[in-house]
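Shown next, in structure tokens, is the structure this report addresses.
What you are looking at is a predicted structure, and each value in this text was computed from that prediction instead of being measured.
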Amino acid sequence: MAENILVCTAWPYANGNLHIGHLAGAYLPPDIFARFHRLKGNNVLMVSGSDSHGTPITLRADAEGVSPLEIFERFHGQFLETYQQIGITYDLFTHTDTENHYQVSQDIFSACLENGFLYKHTEEQFYSETEQRFLPDRYIEGTCPVCGYESARGDQCDNCKSLLNPTELINPRSKNDGSVPVLRATEHFYLDLGKLSDDILAYLSQDKDYWRSNVINFSLQYVKDGLRGRAITRDIGWGIPLPLEGYDSKRLYVWFEAVIGYFSASIEWAANHGEPEKWKEWWYRPEAKTYYFIGKDNIPFHAVIWPAELIATGRHLYEDDTSKFLNLPYDVPANEYLNMEGEKLSTSRNWAIWAPDLLERYDPDAVRFYLTAIAPETRDTDFTFDDFIRRNNDELVAAWGNLVNRVLGFAYKRFDGQVPPIGPDGLDDLDRQMLSEVEAGFDTIGDLLAAVKLRAALDEAMRLARSTNGYLNEKAPWKAIKDDPARAGTSIYVTLRVIDNLKILFSPFLPHTSQRLHAYLGYEGQLFGRQYVEDFVETNRRHSALCYDNSQAIGRWQPSDLQPGQALRQPEPLFKKLEPELAEQEVARLLGK
RNA sequence: GCUGAUGUAGCUCAGCCGGUUAGAGCGCGAAACUCAUAAUUUCGAGGUCGGUGGUUCGAGCCCACCCAUCAGCACCA
């Protein structure tokens, strides 16, 4: 009955803080999705981790004169902090510098090799004799062959924007010390994507109607344009060694190894919980559904290359029964980009709102609400502080927050702090209609959430809140209480029960305030589970990871059964109004720094 | 440059396989109400659906070209 849902999210590069684009595009949506499925009683496993090996990390490490390890540990720790603040409930958020991940990645490499999907190829690359290492393209400078600009990078000329090969540069030199690099032959392993092309095309052509059109179209086009082998090793020191003799100076290239993290993190999670085979419920049961939440820049890696890697491993790794196959991605609900104040986010230009910064000044649910309302599900969208404050005040506070506040306040003051009973006349048509309308939300909103249409789901919940405000105005219990208190009590009972339903319907989006409402309504217990950071010790390494314990969670995706007489708690407003002047201050802060 | 996407009311966006007077939220105007964080509810005004041309009995939705914005084509994943 219960479904197995694997929720994967992009592995953030641990080379800088998270910004709102990361949250809106890749981290908040899966959390909403995961919370919903947990409320439904499904078996959710949500995993990800910090990508500790990418080029940007070594770049930053070189720039700061520290080790890559130091860089990624700093930001990994920051990620754990941010995810706890905003409430991204990973069952495991680990990183890629663990013994477990090394082992799994090497095993997949070996399996691909044994199955004949890797080949070796030698090419010439620039080598620095002074530094005794091969240089990445962007470490090489020279004169642009197109426009004559003297400081063109090896991959692109910043002056004329031409895309270049470093060997095309006139007078190439190392960016680090100005020395002249020499061409030297180097041998690398390639993943034979051409050989896998037919299988990938078959996978992408089968039952993908429910995929977002931009994702499936892009992926199909990507494959149809022709797949060529991609190098999966590099001449660097920071990364995962090859499981072969004689390749000590080479590492697995990060794009090959990072996506394996979904798989290795699932295995780590199972081991951490003392059930080392448990991960197979998501990876080997054909009916399990695996979702990958990513930004659009990552589509080829998740819809094409990761399936290719899984197919190339033979698809029955760590499993004796060779009739079983590792599940290929069920859905890749990639998001477009979130821009800010009309301009694309840019880390290098410091044009971004950093998550830790934002969460320092605003409540997590206000941020969650706005980022969901403008989630770039089908196209690029724009974050503005003006709009953030407006939607917070005119939508979240005005419609939902105010509804809760007016009815809880009225009930608390006028009905002795208790849920009033249904009057002797019972429920009338309007009462029943109101209740059935909101109860139907479990289906309509549930269907939208299951289809990863989060914005539409939130809109529908807001519509129900507005409808409830209309019901309350129609019933006007503040009038009725003067001449027919029992009827006023009935209306308040109905409204309390409606917001008890809305509490659950909103909870995947607004978990913190739903929890508070839960308490105001007089309930005990936690709707959701507990987040915590734990240190894990392997044979020679240790790492800290974010974990989640859902065992005490009592939230259920089902209609309220609120009982008359239940004692309420003194309510407080769920949300704060924000001063419109804040928008100018925030923009000034952005421009000033 | 090549490939792909997007351009719908003041703002942010929905519009499934082409079919009667193009929708929502917010904003704006009017009214009702006063329990509530001057919040709520109802009603209303607002758009030649980027431009030009075409296919069709009929196009926001199909085709061609143009304009604008964006993305991919990188040793960035």
Side-chain angles (χ1 to χ4, degrees), chain A residues 10-13 15 51 53-56 59 123 125-126 134-140 153-156 161-166 188 213-214 217-218 220-222 224-225 230-231 233-236 253-259 294-302 305 336-337 339 342 344 373-374 377-382 384 386-387 390-391 393-399 401-414 453 455-456 458-460 462-463 465-481 488 491-492 495 571-578:
Chain A
W11 290 58
Y13 261 143
N15 72 320
D51 183 345
H53 294 139
T55 310
L59 279 171
E123 61 185 40
Q125 291 188 352
F126 278 117
F134 283 94
L135 296 173
D137 286 7
R138 52 177 64 192
Y139 277 79
I140 296 166
R153 291 194 326 221
D155 56 342
Q156 183 174 36
K161 305 297 179 196
S162 300
L163 297 179
L164 304 171
N165 280 319
H188 284 290
S213 60
N214 53 336
N217 289 342
F218 183 91
L220 280 170
Q221 196 57 42
Y222 192 89
K224 286 175 183 166
D225 281 349
R230 280 181 78 106
T233 55
R234 299 186 78 188
D235 293 297
I236 50 173
Y253 190 15
V254 64
W255 68 260
F256 177 79
E257 155 260 299
V259 285
I294 57 169
K296 65 177 164 187
D297 53 330
N298 251 323
I299 291 172
F301 285 87
H302 292 78
I305 291 176
E336 306 285 308
Y337 285 149
N339 297 321
K344 196 179 165 183
I374 62 163
E377 288 179 358
T378 54
R379 60 165 90 165
D380 290 359
T381 57
D382 198 32
T384 69
D386 225 34
D387 194 46
R390 187 191 64 68
R391 292 183 98 119
N393 292 352
D394 298 339
E395 295 183 17
L396 182 61
V397 173
N402 185 238
L403 169 67
V404 170
N405 196 230
R406 65 196 294 214
V407 66
L408 277 180
F410 193 80
Y412 193 79
K413 272 182 284 194
R414 308 302 290 270
K453 294 177 176 173
R455 244 170 44 169
L458 180 59
D459 279 349
E460 179 61 13
M462 288 298 287
R463 193 188 67 73
R466 277 182 222 105
S467 182
T468 311
N469 274 316
Y471 164 85
L472 204 53
N473 281 18
E474 184 71 26
K475 286 292 183 181
W478 47 90
K479 269 185 188 164
I481 199 164
S491 310
I492 292 298
T495 314
E572 297 283 333
L574 292 181
F575 309 100
K576 293 186 202 113
K577 281 197 78 165
L578 300 170

Looking at every strand, decide which applies to A:R463 at a 4.0 Å heavy-atom threshold: base, sugar-phosphate, or nothing. nothing
According to the Watson-Crick and G-U wobble definitions, with both distances under 3.5 Å, which nucleotide is paired to B:U21? none
Heavy atoms, side chains only, cut-off 4.5 Å: are A:R391 and A:I374 in contact? yes
Whole Å only: how far is the CD1 atom of A:I374 from the P atom of B:C13? 8 Å
For atom C1', what is the distance between B:U12 and B:C28, given to the nearest Å? 16 Å
Work out how far the C1' atom of B:U6 is from that of B:C13, and round it to whole angstrom. 13 Å
Minimum side-chain heavy-atom gap A:W478-A:R406 below 4.5 Å: yes
For A:E474, answer base if it contacts any base atom (sugar-phosphate contacts may also be present), sugar-phosphate if it contacts only those atoms, and nothing otherwise; contact means non-hydrogen atoms under 4.0 Å. nothing
Rounded to the nearest Å, what distance is computed from the CG atom of residue A:D459 to the P atom of nucleotide B:C26? 11 Å
Listed nucleotide nearest any side-chain atom of A:E395, set B:G25, B:C75, B:C13: B:G25
Side chain proximity check, A:D387 to A:R390, heavy atoms < 4.5 angstrom: yes
Nucleotide N/O of nucleotides 69-71 of chain B paired with protein N/O under 3.5 Å:
from: B:C70; atom 1: O2'; to: A:D380; atom 2: OD2; distance (Å): 3.1
from: B:A71; atom 1: OP1; to: A:K344; atom 2: NZ; distance (Å): 2.7

Would you mind reading off the distance between A:R230 atom CZ and B:G72 atom P, rounded to a whole angstrom? 14 Å
Could you tell me how far B:G29 sits from B:A9 if I compare only their C1' atoms? Round to whole Å. 16 Å
Does A:K296 NZ have over 12 foreign heavy atoms under 6.0 Å away? yes
Using the P atom on both, measure B:C2 against B:G47 and round to a whole Å. 39 Å
Taken to the nearest whole Å, CZ/A:R390 to P/B:G25 is 13 Å
Return the pairing partner of B:U6 with a 3.5 Å limit on both distances, Watson-Crick or G-U wobble; otherwise return none. B:A68
Is it true that atom CZ of A:R414 has more than 12 heavy atoms of other residues, nucleotides or ligands lying nearer than 6.0 Å? no
Taking everything shown except A:E474 itself, do over 12 heavy atoms lie less than 6.0 Å from its CD? no
Which value, in whole Å, describes the distance between the P atoms of nucleotides B:A14 and B:G50? 14 Å
Do A:L574 and A:N405 have side-chain heavy atoms sitting under 4.5 Å apart? no
Heavy-atom nearest nucleotide on RNA chain B taken for A:H53 and for A:N214; more 5' hit belongs to A:N214
Paired with A:E336, the side chain to side chain contact (heavy atoms under 4.5 Å, CB included) test is passed by just one of A:T381, A:N214, A:T378, namely A:N214
Below 4.0 Å: OP1/OP2 of B:A14 and any side-chain N or O of A:R455: yes
Can you tell me, in whole Å, how much space there is between the C1' of B:C33 and that of B:A68? 48 Å
Could you tell me how far apart A:K475 (NZ) and B:U42 (C1') are, to the nearest whole angstrom? 18 Å
Using side-chain heavy atoms (C-beta onward) and a distance below 4.5 Å, is A:W255 in contact with A:R230? yes
Picking from B:U3, B:C26, B:C75, the nucleotide nearest the side-chain atoms of A:D394 would be B:C26
Between B:U52 and B:A39, how far is it from one C1' atom to the other, in whole Å? 49 Å
What is the pairing partner of B:G46, taking Watson-Crick or G-U wobble pairs with both distances under 3.5 Å in any strand? none
Quickly work out the A:N15 CG to B:C76 P distance and round it to whole Å. 13 Å
5'-most by nearest nucleotide on RNA chain B - A:Q221 or A:D387: A:Q221
Counting Watson-Crick and G-U wobble pairs only, both distances under 3.5 Å, name the nucleotide matched with B:G58, or none. none
Dump every N/O contact between nucleotides 33-37 of chain B and the protein below 3.5 Å, one line per pair.
from: B:C35; atom 1: O2; to: A:R406; atom 2: NE; distance (Å): 3.2
from: B:C35; atom 1: N3; to: A:R406; atom 2: NE; distance (Å): 3.3
from: B:C35; atom 1: N3; to: A:R406; atom 2: NH2; distance (Å): 2.6
from: B:C35; atom 1: N4; to: A:R406; atom 2: NH2; distance (Å): 2.9
from: B:A36; atom 1: O3'; to: A:N405; atom 2: OD1; distance (Å): 3.3
from: B:A36; atom 1: O2'; to: A:N402; atom 2: ND2; distance (Å): 2.7
from: B:A36; atom 1: O2'; to: A:N405; atom 2: OD1; distance (Å): 3.3
from: B:A36; atom 1: N3; to: A:N402; atom 2: OD1; distance (Å): 3.1
from: B:A36; atom 1: N3; to: A:R406; atom 2: NE; distance (Å): 3.2
from: B:U37; atom 1: N3; to: A:F575; atom 2: O; distance (Å): 2.8
from: B:U37; atom 1: O4; to: A:L574; atom 2: N; distance (Å): 3.4
from: B:U37; atom 1: O4; to: A:F575; atom 2: N; distance (Å): 3.1
from: B:U37; atom 1: O4; to: A:F575; atom 2: O; distance (Å): 2.8

For B:G44, is chi within 90° of 0 (syn) or not (anti)? anti
For atom C1', what is the distance between B:C63 and B:A31, given to the nearest Å? 50 Å
Which one is paired to B:C76, where only Watson-Crick or G-U wobble pairs with both distances under 3.5 angstrom count? none
Report yes if the side chains of A:N393 and A:L578 come closer than 4.5 Å at any heavy-atom pair, otherwise no. yes
Using the side-chain heavy atoms of A:T381, tell me which of these nucleotides is nearest: B:C13, B:U3, B:C26. B:C13
Should B:C33 form a Watson-Crick or G-U wobble pair with both distances under 3.5 Å, which nucleotide is its partner? none
Could you tell me how far apart A:E377 (CD) and B:A14 (P) are, to the nearest whole angstrom? 9 Å
A:T378 vs B:A14: side-chain N/O to OP1/OP2 distance below 4.0 Å: yes
I'd like to check A:I481 versus A:F410 (side-chain heavy atoms, cut-off strictly below 4.5 Å). Are they in contact? yes
How close or far is atom C1' of B:A74 from atom CZ of A:F301, stated in whole angstroms? 11 Å
Can you tell me if A:D235 has over 12 outside heavy atoms packed within less than 6.0 Å of its CG? yes
